[in-house]
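Single-structure report; data block below.
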Protein chains: 2
Amino acid sequence: MTQRYKIYLLCTNDTKNFLYISHMNKKTIPDEALFDTDPFMPGLSVDCVTIGFEDNKLKVLVLKWKTLGGLWTLPGGFVFKNEDLNEAAIRVLKERTGIKLPFLEQFHTFGAVNRRDPNEIDGFIKNLESFGIEGELMNWFSQRFVSAGYVSLIDIQKCNLKTDVFSAEIKWASLEELPDLILDHNHIVKTALDYIKNLLQYLPVGITLLPEKFTMKELQYLYEAILQKKLDRGNFQRKMLKLDIFNRHEKMMEGKANKAPYLYSIDKERYEKLLANGYGFSS
Amino acid sequence: MTQRYKIYLLCTNDTKNFLYISHMNKKTIPDEALFDTDPFMPGLSVDCVTIGFEDNKLKVLVLKWKTLGGLWTLPGGFVFKNEDLNEAAIRVLKERTGIKLPFLEQFHTFGAVNRRDPNEIDGFIKNLESFGIEGELMNWFSQRFVSAGYVSLIDIQKCNLKTDVFSAEIKWASLEELPDLILDHNHIVKTALDYIKNLLQYLPVGITLLPEKFTMKELQYLYEAILQKKLDRGNFQRKMLKLDIFNRHEKMMEGKANKAPYLYSIDKERYEKLLANGYGFSS
DNA sequence: TCAAAAGTGTTATCTGTACACCCATGT
DNA sequence: ACATGGGTGTACAGATAACACTTTTGA
């Protein structure tokens with residue numbers, strides 16, 4: 001029943017969740033840091049499309065590997081055998097951003113055999129070799145993975161980004177300058193954006209992307225970024241306010257040469273209620 | 001890399017896809033019918049929520065196991081290592097209904113650790129034992145599975161139902177009399193129905209459930225079944241016709257004591273076009 | 001001829017859309 | 001004072017909702 005592939009993990013202080021692939025000879029890794037792949041579901045992973053909003057642009061959280069090529073990936077991870085799929089995604093998100101699920105939703109599972117472009121495999125294998133990965137450990141990494149995709153919408157300001165042990169860098173990449181990602185990760189991002197775009201048609205999701213207090217204009221820019229189209233200012237304002245999920249605050253007075261706009265925040269309770277209902281087919 | 005669990009498969013004439021669990025002693029199974037679990041992805045399955053429409057009711061395709069308890073399940077199967085997840089679902093659907101994907105869509109992946117109710121496990125294991133399953137084969141079946149759920153909407157008339165080797169019976173069960181299903185299959189059905197209901201808000205999906213030619217009233221009943229609410233006849237008719245995806249035919253004259261309604265069929269081309277577009281956020 | 005259900009009409013109301021007007025604010 | 005952009009008003013087009021009227025059909 002259990003897998004027999006040995007794999008080398010380093011227990012860091014705050015997590016046992018990340019594989020540690022060392023440039024060091026494995027003899028230099030302390031004994032208590034050695035584990036095998038038993039705790040993980042074979043062939044199963046989660047990938048998180050973590051969306052933020054900054055400078056009126058949508059951004060996606062990406063990691064750069066500690067490899068020669070410096071390939072980019074989505075944050076992701078394996079799933080413990082005693083862990084719900086959702087929990088795995090929540091864990092990954094928590095570890096990269098320090099935030100626990102403001103909005104986290106499974107949108108699609110990617111299960112094509114050729115998620116990994118055949119042309120890409122050689123480079124991938126070479127990269128793993130450069131980390132000192134070999135034998136059964138190599139088998140683990142080069143096996144076929146089916147990956148569940150999760151989207152979350154996050155307030156960038158609240159994040160405390162951390163790389164994982166594979167990666168040298170973690171950053172918010174705007175959609176225009178999204179780097180080439182490994183495997184089908186670019187496709188995963190596109191699918192996630194379509195999902196959110198569709199969701200926004202009938203649910204005011206995405207408000208979680210904004211800081212605590214925001215102006216209607218900022219909210220409008222967010223909608224425009226997700227929907228990829230211009231909206232009418234006046235109509236947007238009315239439409240949003242009619243949802244009756246906002247609290248209006250005192251004015252902002254920042255040094256702009258115009259009338260100071262109101263600040264709004266979300267009334268959590270009414271917002272949740274609205275999310276639960278959605279819209280209906282008319283007549 | 002490869003799994004080592006032996007499993008016993010019988011190659012039937014038309015498929016190698018189904019595990020055959022024999023009451024016979026395994027010595028009576030011909031040698032060429034013996035395989036191990038190597039061809040399958042461990043811990044991964046697909047489940048199909050196959051929806052039809054008959055007597056103005058939505059129906060779901062279910063199978064009854066050849067076990068003592070006669071437990072019911074959704075049609076489902078394992079995924080070959082060299083097979084796309086989608087392909088696995090298409091294959092399962094094809095084998096049960098004889099139909100190749102009129103509409104087949106992955107809607108959610110079920111990955112809770114306790115998909116299998118702990119109280120249920122004992123009975124499940126006993127059932128497997130009653131089939132003569134033991135040892136590593138038992139391990140295969142009692143391992144944790146993550147399952148990708150697929151919905152399809154099918155014209156019942158076109159189906160040619162076949163049981164699989166596990167099952168004694170296959171039938172269309174109306175939602176009101178849907179039996180208790182194993183694992184979280186009842187939950188899977190509910191999730192699929194919610195998904196379709198949501199989809200119908202902005203796409204005229206589900207028309208594929210009806211036979212080639214149908215009346216507007218029949219279409220309305222279908223909508224009412226999916227949306228779980230009454231619709232206004234006149235308004236519904238206008239709304240549908242305005243979609244401009246139907247061809248009107250000569251009348252039906254069946255012996256009803258009323259004005260004979262028109263028959264309509266779908267104009268495939270315009271229908272596909274509409275599906276591709278959907279609706280947009282207004283303003 | 002009559003009940004049933006199709007097809008179509010009518011109307012008030014609501015929503016979407018476009019754009020205008022006035023007001024507050026920092027330069 | 002004035003350019004900028006917020007807040008709100010208005011008016012038209014189209015969609016929605018409720019229901020009425022007429023027509024066709026088999027019994």
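Proteins get letters first, then strands, A, B, ... in listed order; numbering begins at 1 in each. Bear in mind the structure is a predicted one, so any value in this text is a computation, not a measurement. Atom set for the values below is all heavy atoms of this structure, side chains included, hydrogens, waters and symmetry mates excluded.
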Please list every donor-acceptor pair under 3.5 Å in which a side-chain atom of residues 49-63 of chain A meets a protein atom from a residue at least two apart or in another chain.
residue: E54(A); atom: OE1; partner: K59(A); partner atom: NZ; Å: 3.2

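The shortest side-chain heavy-atom distance between M240(A) and Y264(A) does not fall under the 4.5 Å cut-off.
What separates CZ of F236(B) from P of dG7(C) is a distance of 13 Å, to the nearest Å. In this structure, OH of Y262(A) is placed 11 Å from C1' of dT8(D), rounded to the nearest angstrom. The distance from atom NZ of K230(B) to atom C1' of dC19(D) is 17 Å, rounded to the nearest whole Å. Between the CG atom of D232(A) and the C1' atom of dG9(D) there is a distance of 13 Å, rounded to whole Å. Atom CD in Q220(A) sits roughly 12 Å away from atom C1' in dG5(D) (whole-Å rounding). Straight-line distance from the CG atom of N235(A) to the P atom of dT15(C): 13 Å, rounded to whole Å. Nucleotide dG5(D) holds its C1' atom 9 Å from the OH atom of Y221(A), rounded to whole Å. Distance K217(B) NZ to dT24(D) C1': 15 Å, rounded to the nearest Å.
In this structure, the side chain of H185(B) engages the main chain of L74(B) through a donor-acceptor pair within 3.5 Å. Proximity of a side-chain donor or acceptor of E224(B) to a complementary backbone N or O of L231(B) within less than 3.5 Å is detected.
Residue-to-nucleotide contacts include a donor-acceptor pair under 3.5 Å from the side chain of R238(A) to the base of dG9(D). With hydrogens and angles ignored, no donor-acceptor pair under 3.5 angstrom links the side chain of R233(A) to the base of dG5(D).
Judged by closest nucleotide on DNA chain D, K259(A) is the one of K259(A) and R248(A) placed further toward the 5' end. Residue K242(B) is the one, among N258(B) and K242(B), whose nearest nucleotide of DNA chain D lies closer to the 5' end (criterion: closest heavy atom).
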